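Please read all numbers here as calculations on a predicted model, not as lab measurements. Heavy-atom basis, side chains included; hydrogens, waters and symmetry copies ignored. Residues take their numbers from the sequence shown, with the count starting at 1.
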Amino acid sequence: MSSAHQSTSSSLNPEPSTSSSSFSVQDTDSKDDESELELEKKMCEAVGAEEFLDKSGVYMLPYQKQIFLDLVYSDALVVCAKGISYNTVVTNLLRAYCDSANLVLVINAADYEEKYFKSRIDSRHIHESSTNANERQQIYLQGGIQFLTTRILVVDLLKERIPIDLITGIIILRAHQIVESCQEAFALRLYRQKNKTGFIKAFTNAAESFTYGYGHVEKVMRNIFVKELYIWPRFHITVQKSLKPYEPQVVELHIPMTTKMTMIQTHILDIMNYLVKEIKRINRFVDMQEITVENCVTKKFHKILQAQLDSVWHQLSSQTKVLISDLKVMRSLMISAIYSDSVSMFVSMKKYRSSTYANNSSGWVFLDAAEQIFKITKERVYNDKDEFEPELCPKWKALSEILRLEIPNDIKRSIDRRPTILNEPIKVLILCQDSRTCSQLNQYLLQGGERHLFYQAVRNDLTVAKLSEKFQVVQESDADAVRIENAAIYKTKQKPAPEPISLPTVPPKATKPSTSAEPNDKKLFIRDRIAKKKEIEDAELGADDTESAEKNEIFVQDDHVDDDLYRDSYILTMTQSKLNESVDDSFDVTQMADAAFESFAELENLDVTQILNTTTKPIVCIQTFKNYEDGVLSLEHTLNGMDPGYVIMYHSNVTAIRQIETFEAMKRRQPHYRLKVFFLLHAQTVEEQSYLTTLRREKQAFEFLIETKSKMVVPEYQDGKSDDPLLAMQNAIKEDTRKAGGQSTAVKTIPKIIVDMREFRSDLPCLIHKRGIEVVPVTITIGDYILTPDICVERKSISDLIGSLNSGRLYNQCVQMTRHYLKPILLIEFDQNKPFHLQSHYMISGESMSNVDITQKLQLLTICFPKLRIVWSPSPYATAQLFEELKQNRDEPDATTAASFGSSDAKELETIVDKINPTTHDFLMKLPGINSRNIHMLMRRVANMKELLKQTEAELAVILNSEGNAKLLHDILHTAHKPVPSDSAVDKKASYKSKRFGIRK
């Protein structure tokens, strides 16, 4: 590291701030001196930041530079508009502190964000996090930049593996997610308690998230220990001055919808209006102001719905839930009517014309408007003669005209101003909303509209008895090709093959065979992508919270069954006819109208820049606004790598528009060298209304934040760098005792609770620590929380309770707790957003279970274990308060003793836990005769299940160190078990207990 860089890094390090709680009377001169020193200090820091930017050679837009300078000497929360990216600011902050003398932690970053920042920072000072605790401790001492998951960070902070006083600062991404009970807030509290000088800088671009709830932005700022709030909307004067001089050339094309599409849209809106009125009529005393037809057609409708109804979901009637589900269906049909082709829309409507769906819906299918929708969608596919003649999408024709006419004409007009334009490769970027549309446009350009619609009909098993004259270009061989392709694609799904279609004999025509890219069947579903990093960490544990499947159906966005068959991007090239091809393989722009599109199937795995280097032909890249691998940064990556001359916005997206503006402003090109953007928009339709509603909601959110900031009261101690006087007063009241006769004051000890390492995925450890109780993370095999030497608590959510009762695991846990602790407790914890009582029915892992079954099993449990106490808690907050009350005037637990229970060697146990397969471990624990005392020995001595089945009962007795356990395990593996009918009620009860808890008579 150069000395210049080191001096810059040190100049950006924050200095210890003066405690605001301690105030002493000083004369006027000393006050003036302090203010002058403070002003001089800030000026020096600002000058140092300016010098760093100049030396780094990185160009930043004026608003980005201002954000960077604001954050150099102050801890703050930065709220940016969507598309007004803060990534450049964060990158330069990391570069400024990228030195072995600093230790900067980045938390709450997605995988693609972590990859993005690492690629732009000096790799010498970026250290990968290790799964081994000792290795992580050594990595922390090396300094530099650390990207950590919050769960690991919390445990390391509690165990003091990380030098807290040496941390330079913490950078938080997506700060709107930081609530009081989350792990990020826990880590920041631990950090600020022992480090009063380090910085905390938070970023987010979800302004609308702060409009939900009461005082959300104040709570977030309090949770992340910052006092400053910087708001950067799109209408900020600095942002406007940064982007206005370099605006790209924009051509907005209003594409009228067909008459039948307009009629379908009208009828869907009528049904939506009916459903909204019904919801508000049934729930007059519930706040339903956000449930409007206008919000129903927006992209974030499911999030609006969740924010509005999550807290009262358990209070809604079943009829209301069905109505909300039908609203989601109507929104899906609206999207299909506008974005999908006529065949796909007809296929979607067929699903809702069944008696099964009609009986389970709210009855919208019986409305006259619904009948008209069914009728019109069929008329869009079949004509009056019942011939197959589907309606083409209006935007398809406009897209072809742009590619074949508008772009060549624009190039011809630009020859005078750009003489070299004919020698430059033509690069066109088409942006759309989802992977389905991306695949649709790819197939349309390769095959043509008629053939693509016919292929869609064959894939979806529609009846095609006769083709109209317009579709005579389709050959019978095309149908055979589709059947072969379907067999390959849907083989894994075991989808029945379509019935043979008899096509009319058509004279063969000279048609060019189309080439389509193979679908990527390795994509994951959206539900499987949520919190992927946390799922990898928590693979050894089951789900910790009960989530209603019905509620997920309402709140989660539409997940098409075959979305994994489509890719997020396709690359095509334009090829001239062989008569017009030149010898030097150059492309004649004047012949683009007659050129054909070909796929780059052989170069699918190459990067865009590599593809550009392999050909001089026009390149057309079709891409979604964001993908799974790079998120919203995928568009920025494509723009920088491809540098297109033309961008076609097939769908409207606020974030993408602003990303294009920022990209062009960073280039700082002359007007005739800037990229040209074509907007394809259905004017005066739901598509336009949805776009305008998104802009309006964002503007209102920023106006709300600006008003909130003007009225916000921020205490001086909120940054955590000084003691909270209210908290100090409360502690003084707690310590105050009756002191009479000169009695000496007892030394106050901080209460502590031993917490199992696997419990740090829940909110409870954070809430316990917030109540002033020390949390000691230990890997323990008996219980989840050790309150005192006598009190052991096993915490169960409803889903975990049902699973443990069914598998018999809870019985074994109770056996161990009663064996080692005098007061074992079973804590049944409910979700605070759900009713505090057992519901009539639960659906867990596809198994139905009633509250009567749960009650009966708990009764049997208390009969078997008289010392066991069952505690019901409505929320984690109530649990934390309960733990505090149970610990009053009691001895503190010992971590070494707690870890030794259930294992002869605690260190050996930690090593085993790190090496075992959690799936195999959980499966074996469900077998009779296997418990926490012998499972590790069994997994060490037996390699796999096949070898386990070969073990004799005598060999199992040696491994398990128990003949009784060996007999139980051997019988369950080798003996066929059938239910035995019993005559007496006593036999029934005993059989029921033995079946549920794995007890043999």
Side-chain angles (χ1 to χ4, degrees), residues 258 260-261 264 332-333 335-353 374 376-383 386-397 399-400 432-468 470-490 493 495-503 511 513-521 558 560-567 570 597 599 622 650:
T258 63
K260 294 178 180 178
M261 291 176 65
I264 292 175
S332 175
L333 291 178
I335 294 174
S336 298
I338 297 177
Y339 295 155
S340 299
D341 53 76
S342 56
V343 175
S344 300
M345 177 64 183
F346 179 60
V347 172
S348 299
M349 286 303 302
K350 286 180 63 178
K351 296 186 299 184
Y352 305 109
R353 200 163 177 97
F374 290 128
I376 296 172
T377 51
K378 184 175 181 181
E379 292 176 353
R380 293 184 66 199
V381 179
Y382 302 99
N383 58 16
D386 203 22
E387 296 175 338
F388 182 75
E389 189 179 357
E391 190 177 65
L392 300 180
C393 294
K395 286 188 178 182
W396 287 357
K397 182 179 179 182
L399 178 64
S400 296
C432 54
Q433 187 68 40
D434 52 23
S435 58
R436 273 182 170 259
T437 308
C438 197
S439 175
Q440 176 196 107
L441 296 180
N442 176 65
Q443 297 299 325
Y444 165 71
L445 294 177
L446 291 173
Q447 304 168 354
E450 293 79 5
R451 185 172 281 105
H452 170 65
L453 292 176
F454 174 74
Y455 282 7
Q456 286 293 102
V458 176
R459 286 192 181 99
N460 292 283
D461 198 15
L462 290 184
T463 302
V464 183
K466 187 178 180 182
L467 297 176
S468 64
K470 185 179 179 181
F471 280 75
Q472 294 298 319
V473 294
V474 180
Q475 303 289 325
E476 187 171 359
S477 59
D478 294 333
D480 296 333
V482 176
R483 295 189 193 102
I484 295 174
E485 184 181 356
N486 279 349
I489 293 176
Y490 294 99
K493 295 179 176 291
K495 182 176 179 179
E499 294 293 331
I501 300 177
S502 59
L503 294 178
T511 57
S514 60
T515 307
S516 60
E518 296 179 359
N520 185 3
D521 56 356
D558 302 343
H560 299 288
V561 178
D562 297 333
D563 274 351
D564 57 338
L565 299 178
Y566 307 115
R567 299 209 315 268
Y570 297 87
F597 290 94
S599 66
I622 309 172
Y650 193 80

TODO: Keeping the roles fixed (side chain from Ser342, backbone from Pro390), state whether a donor-acceptor pair exists under 3.5 Å.
DONE: no
Open item on the list: Before you tell me yes or no, could you show the steps for Val347 and Gln456 under side chain to side chain contact (heavy atoms under 4.5 Å, CB included), namely the whole-Å CA-CA distance, both residues' side-chain angles and the distance that decides it to 0.1 Å?
Closed with: CA-CA 10 Å; Val347 172; Gln456 286 293 102; over 6 Å; no
Open item on the list: Within the 4.5 Å heavy-atom criterion, are Arg380 and Met261 side-chain neighbours or not?
Closed with: yes
Task: Nearest non-hydrogen partners of Thr463 and Tyr382, listed with the distance - done: O-OH, 2.7 Å
Task: Spacing of Ile264 atom CD1 and Thr258 atom OG1 [to the nearest 0.5 Å] - done: 7.5 Å
TODO: Indicate yes or no: at least one non-hydrogen side-chain atom of Lys350 is less than 4.5 angstrom from one of Leu462.
DONE: yes
Open item on the list: Let me confirm one number: the CD-CZ distance from Gln443 to Arg451, rounded to the nearest 0.5 Å.
Closed with: 11.5 Å
- [ ] Can you measure from CD (Gln447) to OH (Tyr455) and round to the nearest 0.5 angstrom?
- [x] 5.5 Å
TODO: Specify the closest pair of heavy atoms between Met345 and Ser336, including all atoms of both residues, with the distance to one decimal.
DONE: SD-CB, 3.6 Å
- [ ] With side chain to side chain donor-acceptor pair (under 3.5 Å) as the test, would you mind laying out the steps for Asp434 and Thr437 before giving the verdict?
- [x] CA-CA 6 Å; Asp434 52 23; Thr437 308; 2.6 Å; yes
- [ ] Measure the NE2-CD distance between His452 and Glu450 for me, rounded to the nearest 0.5 Å.
- [x] 11.0 Å
Task: Heavy-atom donor-acceptor pair, Thr377 side chain to Phe374 backbone, under 3.5 Å - done: yes
Task: Separation between CZ of Arg353 and NZ of Lys378, rounded to the nearest 0.5 Å - done: 8.5 Å
Task: Donor-acceptor contact present, side-chain Asp341 to main-chain Val343, <3.5 Å - done: yes
Open item on the list: My understanding is that only one of Tyr444, Tyr650, Tyr339 makes a ring-ring contact (aromatic ring centres under 6.0 Å, His included) with Trp396; could you say which?
Closed with: Tyr444
Open item on the list: Return the CZ to CG distance between Phe388 and Leu453, rounded to the nearest 0.5 Å.
Closed with: 6.0 Å
TODO: Measure the shortest side-chain to side-chain distance between Lys466 and Asp386 over non-hydrogen atoms and say whether it is less than 4.5 angstrom.
DONE: no
Task: Residue pair Tyr570 / Leu445, side-chain heavy-atom distance below 4.5 Å - done: no
- [ ] Give a yes or no on whether the backbone of Ser344 and the side-chain of Ser348 come within a donor-acceptor separation of less than 3.5 Å.
- [x] yes
Task: Pairwise side-chain contact, Ile335 with Gln433, heavy-atom cut-off 4.5 Å (strictly under) - done: no
